[in-house]
Amino acid sequence: MPDLGSLFDQHVALEFEAKDADATMETMVDHPTVIHVPVLTGGRNTAELHKFYRESFIPAWPEDTVVEQVSRTVGAERAVDELIIRFTHTVEMPFWLPGIAPTGCRVEIPLVVVMGFEEGKVASEHIYWDQASLLSQIGLLDTTNLPITGGTQAQALVDSDIALNELIAAAG
């Protein structure tokens with residue numbers, strides 16, 4: 001049985017460290033699916049997904065992007081990572097913020113990646129995050145009178161010394 005956690009890490013390293021769309025695709029099955037659920041970007045087949053990685057995803061991450069793993073759960077056919085991603089919105093990000101020009105704002109957002117595997121290769125990725133909190137952090141959504149916590153979500157996940165009620169009061 002393949003080590004799904006290692007396969008997950010290899011795939012992500014090729015995206016974020018090597019920044020190599022061709023090598024990333026070699027970690028995937030013949031007809032993979034990637035869906036960024038809040039904005040429905042990604043791809044449903046090899047050609048569409050390769051173009052997505054090459055043109056929209058890999059080259060469009062800000063230089064200061066940092067990914068912190070909070071937890072990982074590995075099953076027989078899936079690995080699920082709970083992550084915090086931090087960056088300054090200095091470039092267009094068509095995969096997360098289609099049509100939005102860079103704002104220069106700092107972003108910290110939790111996200112969940114559900115990666116499915118078949119025969120030792122990535123078959124699917126479903127990526128989830130709170131789009132309202134992302135939009136609020138780049139100044140495009142007024143959270144006055146809305147239950148949106150913005151960047152305090154990330155803080156709540158990694159700082160167990162802070163009472164949640166204090167974070168809620170500070171965000172309000």
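The model shown is predicted, which means the values in this text are computed figures rather than measured ones.
- Taking both residues in full, the closest heavy atoms of A60 and V91 are given as O-CG2, 3.3 Å, listed atom of the first, atom of the second, then distance.
- F57 and V67 fall within a single hydrophobic cluster, where Ile, Leu, Val, Met, Phe, Trp and Tyr are joined by side-chain heavy atoms under 4.5 Å apart, directly or via other members.
- Within the 4.5 Å cutoff, side-chain heavy atoms of T27 are placed close to those of Q10.
- With D81 contributing its side chain and L83 its backbone, the two residues share no donor-acceptor pair below 3.5 Å.
- Between P62 and M93, the closest side-chain pair of non-hydrogen atoms falls below 4.5 Å.
- The distance from atom CD1 of I127 to atom CH2 of W96, rounded to the nearest 0.5 Å, is 9.5 Å.
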Check the pair M115, F8 against side chain to side chain contact (heavy atoms under 4.5 Å, CB included), reporting the backbone distance first and the verdict last.
CA-CA 7 Å; M115 196 175 287; F8 190 119; 3.6 Å; yes
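- When all heavy atoms of S71 and E82 are compared, the pair lying nearest together is OG-OE1, 2.8 Å.
- Here the side chains of M25 and L14 are not in contact, with every heavy-atom distance at 4.5 Å or above.
- Within 6.0 Å of CD in E68 there are more than 12 heavy atoms belonging to other residues, nucleotides or ligands.
- Rounding to the nearest 0.5 angstrom, the gap separating the OG1 atom in T33 from the CD atom in E48 is 9.0 Å.
- Using a cut-off of 4.0 Å between Lys/Arg side-chain N and Asp/Glu carboxylate O, D9 and R72 are scored as salt-bridged.
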Determine whether E108 and Q155 satisfy the following criterion, side chain to side chain contact (heavy atoms under 4.5 Å, CB included), listing intermediate values before the conclusion.
CA-CA 8 Å; E108 294 189 20; Q155 187 179 4; 5.6 Å; no
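- Residues V34 and Y53 meet the side-chain proximity criterion, which asks for heavy atoms closer than 4.5 Å.
- Between the CG atom of L49 and the OG atom of S56 there is a distance of 10.5 Å, given to the nearest 0.5 Å.
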Worked verdict on Q137 versus I109 for side chain to side chain contact (heavy atoms under 4.5 Å, CB included):
CA-CA 9 Å; Q137 289 181 63; I109 194 99; 3.8 Å; yes
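- Between M28 and E125, some side-chain heavy-atom pair lies under the 4.5 Å cut-off.
- Minimum heavy-atom separation, A154 to P110: N-CG, 3.8 Å.
- Here the straight-line distance linking atom CD1 of I148 with atom CG of L135 works out to 8.5 Å at 0.5 Å rounding.
- The CG atom of L134 sits 8.0 Å away from the NE2 atom of H89 when rounded to the nearest 0.5 Å.
- A donor-acceptor pair under 3.5 Å is absent between the side-chain atoms of K121 and the main chain of P32, judged by distance alone.
- Within the 4.5 Å cutoff, no side-chain heavy atoms of H31 are placed close to those of R44.
- Side chains of R106 and T88: a donor on one and an acceptor on the other come within 3.5 Å.
- Between the CD atom in E15 and the CG atom in D20 there is a gap of 11.0 Å [rounded to 0.5 Å].
- Heavy-atom contacts from other residues, nucleotides or ligands closer than 6.0 Å to CG of D64 number more than 12.
- F16 and I58 fall within a single hydrophobic cluster, where Ile, Leu, Val, Met, Phe, Trp and Tyr side chains are chained together by heavy-atom contacts under 4.5 Å.
- With hydrogens and angles left out, the side-chain atoms of Q153 and S133 include a donor and acceptor closer than 3.5 Å.
- Taking the six-membered ring for Trp and thresholds of 30 and 60 degrees, H36 and F95 have ring planes inclined between 30 and 60 degrees apart.
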Side chain to side chain contact (heavy atoms under 4.5 Å, CB included), that's the test. Do R78 and L4 meet it? Break it down for me.
CA-CA 7 Å; R78 282 179 186 68; L4 300 185; 5.9 Å; no
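- A continuous path of hydrophobic side-chain contacts links F87 to L140 [ILVMFWY only; heavy atoms under 4.5 Å].
- Clustering ILVMFWY residues whenever any of their side-chain heavy atoms sit less than 4.5 angstrom apart, transitively, puts V37 in a cluster other than the one holding L141.
- The closest side-chain heavy-atom distance from P94 to T41 is not below 4.5 Å.
- Inter-residue side-chain proximity for P2 and L7 is flagged as met; some heavy-atom pair is nearer than 4.5 Å.
- Taking hydrophobic clusters as Ile, Leu, Val, Met, Phe, Trp and Tyr residues chained together by side-chain heavy-atom distances below 4.5 Å, W129 does not share a cluster with V112.
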